[in-house]
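See below for the structure under consideration.
When a residue number appears, it is its place in the shown sequence, counting from 1. Keep in mind that the numbers below use all heavy atoms, side chains included, and drop hydrogens, waters and symmetry copies. Quick caveat: nothing in here was measured; it's all calculated off a predicted structure.
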Amino acid sequence: QDKEKLEIRKLNDPPSAETVRDMIKYARNVIEEFRRAKHYKYILCFTLTPLACELLEICELSLDKMGAVFEDSNVYMLHMMYQAMGVCLYVQDWEGALRYGQKIIRPYSKHYPSYSLNVASMWLKLGRLYMALENRAAGVKALKRAIAIMEVAHGKDHPYISEIKKELEDH
């Protein structure tokens, strides 16, 4: 699946191998930069909101740059979208988090095995975001998809599954 995970945009004038190599190097560097910046977030608690905005800006700028070469399903793009979603969740930007999650779920479902807890976790996040944004129908559907995967991965009697089912009943 490496070819799918490192998918390049299909353009009339395809990027050169050197351009692709440079973009992969850039992606790795920006991911490392983001990790370092995120680490400081926990140390400099008093600057959380400005730092969160800075982290989101790093994500958005790198997504724009990488998006010129990489498809959204590319693992480097997915990594930055996931980080951006996390920052949006942190600053309680539910709409922003939902937008990133919606872009992530299809490639996750393609890259990960059928009963991957990574996919279940993303469906769970999406379900909760839909519910928070009062889109109950989409929320129920997403939470049921999470449950279906988790029942296979954990077993139908797992307490976490009961907790999510209760969440569904309460909404």
Side-chain angles (χ1 to χ4, degrees), residues 1-44 47-130 132-133 135 138-139 141-142 145-146 148-149 153:
Q1 284 188 330
D2 284 350
K3 199 170 193 169
E4 284 178 7
K5 289 180 181 178
L6 296 173
E7 197 166 353
I8 306 301
R9 285 215 178 275
K10 286 153 187 61
L11 305 166
N12 290 336
D13 186 19
S16 68
E18 183 182 2
T19 300
V20 172
R21 268 193 314 274
D22 289 346
M23 192 55 68
I24 289 172
K25 186 177 178 181
Y26 167 80
R28 289 179 177 158
N29 287 338
V30 80
I31 287 167
E32 187 54 41
E33 176 187 336
F34 187 87
R35 282 189 183 129
R36 279 194 302 273
K38 207 162 105 174
H39 171 72
Y40 290 118
K41 178 179 84 175
Y42 299 111
I43 296 168
L44 304 171
T47 64
L48 288 178
T49 305
L51 189 56
C53 294
E54 187 179 321
L55 292 173
L56 190 55
E57 191 174 336
I58 290 170
C59 293
E60 290 170 350
L61 291 173
S62 64
L63 284 166
D64 284 346
K65 184 170 180 169
M66 290 187 295
V69 175
F70 298 151
E71 285 292 343
D72 282 352
S73 61
N74 183 293
V75 291
Y76 296 112
M77 293 288 286
L78 288 171
H79 180 84
M80 290 313 295
M81 284 188 253
Y82 186 82
Q83 297 303 323
M85 182 181 185
V87 174
C88 289
L89 289 170
Y90 179 79
V91 298
Q92 299 181 358
D93 173 7
W94 310 136
E95 290 92 358
L98 182 63
R99 274 192 308 276
Y100 284 112
Q102 289 169 328
K103 286 182 174 185
I104 292 169
I105 192 61
R106 183 171 287 139
Y108 262 37
S109 299
K110 190 168 104 178
H111 293 324
Y112 286 110
S114 301
Y115 298 103
S116 167
L117 290 175
N118 290 319
V119 177
S121 173
M122 187 54 64
W123 280 120
L124 185 60
K125 286 176 185 166
L126 286 171
R128 288 176 172 159
L129 284 165
Y130 282 124
L133 293 168
N135 184 343
K141 187 176 176 182
R145 290 182 98 162
I149 294 169

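Atoms OH and CG, from Tyr90 and Leu56 in turn, are 13.5 Å apart once rounded to the nearest 0.5 Å. Between the CG atom of Asp93 and the CZ atom of Arg99 there is a distance of 6.0 Å, given to the nearest 0.5 Å. Interatomic distance, CG of Leu89 versus CG of Leu98, reported as 10.0 Å (0.5 Å rounding). Rounded to the nearest 0.5 angstrom, Leu78 CG and Lys110 NZ are separated by 9.5 Å. Taking CG from Leu6 and CD1 from Ile24, the interatomic distance works out to 5.5 Å, rounded to the nearest 0.5 Å. In this structure, the separation between OH on Tyr108 and CH2 on Trp123 is 13.5 Å, given to the nearest 0.5 Å.
Contact of the Met77 side chain with the Glu71 side chain is not registered, since no non-hydrogen atoms from C-beta on lie closer than 4.5 Å. Val20 is not listed as a side-chain neighbour of Glu18, based on a closest heavy-atom distance of 4.5 Å or more. Here the side chains of Tyr76 and Val69 are not in contact, with every heavy-atom distance at 4.5 Å or above. By the 4.5 Å heavy-atom criterion applied to side chains, Asn118 and Met122 are not counted as neighbours. In this structure, Asp72 and Arg9 have side chains that are in contact, with non-hydrogen atoms separated by less than 4.5 Å. Within the 4.5 Å cutoff, the side chain of Asn74 has no heavy atoms near those of the Met66 side chain.
Minimum heavy-atom separation, Glu95 to Leu133: OE2-CD2, 3.5 Å. Closest heavy-atom contact between Ile149 and Ala120: CG2-CB, 3.7 Å. Across Ser16 and Thr19, no two heavy atoms sit closer than the pair OG-OG1, 2.9 Å. Across every non-hydrogen atom of Cys59 and Ser62, the tightest pair is O-OG, 3.0 Å. Of all the heavy atoms in Pro15 and Ile8, the pair that sits closest is CG-CG2, 3.5 Å.
Side-chain atoms of Ser121 never come within 3.5 Å of backbone atoms of Leu117 as a donor-acceptor pair (strictly under, hydrogens ignored).
Residue Arg28 places its CZ atom among 12 or fewer non-hydrogen atoms of other residues, nucleotides or ligands, all under 6.0 Å distant. The environment of Glu57 atom CD is sparse: at most 12 non-hydrogen atoms of other residues, nucleotides or ligands sit within 6.0 angstrom. Under a cut-off of 6.0 angstrom, the local environment of CD in Glu32 is crowded, with over 12 non-hydrogen atoms contributed by other residues, nucleotides or ligands. Counting non-hydrogen atoms of other residues, nucleotides and ligands closer than 6.0 Å to OH of Tyr82 gives a total of 12 or fewer. Within a 6.0 Å radius of NZ in Lys125, more than 12 heavy atoms belonging to other residues, nucleotides or ligands are found.
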**Message:** Show, in sequence, the C-alpha distance, side-chain angles and deciding distance for His111 and Ser73, and conclude whether the side chain to side chain contact (heavy atoms under 4.5 Å, CB included) test is met.
**Reply:** CA-CA 9 Å; His111 293 324; Ser73 61; 4.2 Å; yes

**Residues Tyr130, Gln102; criterion side chain to side chain contact (heavy atoms under 4.5 Å, CB included); working and verdict** = CA-CA 11 Å; Tyr130 282 124; Gln102 289 169 328; 2.8 Å; yes

**Message:** Apply side chain to side chain contact (heavy atoms under 4.5 Å, CB included) to residues Lys65 and Leu61 and explain how you reach the verdict.
**Reply:** CA-CA 6 Å; Lys65 184 170 180 169; Leu61 291 173; over 6 Å; no

**Asked** Where do Met85 and Leu129 land on the side chain to side chain contact (heavy atoms under 4.5 Å, CB included) test, with the steps shown first?
**Response** CA-CA 11 Å; Met85 182 181 185; Leu129 284 165; 3.8 Å; yes

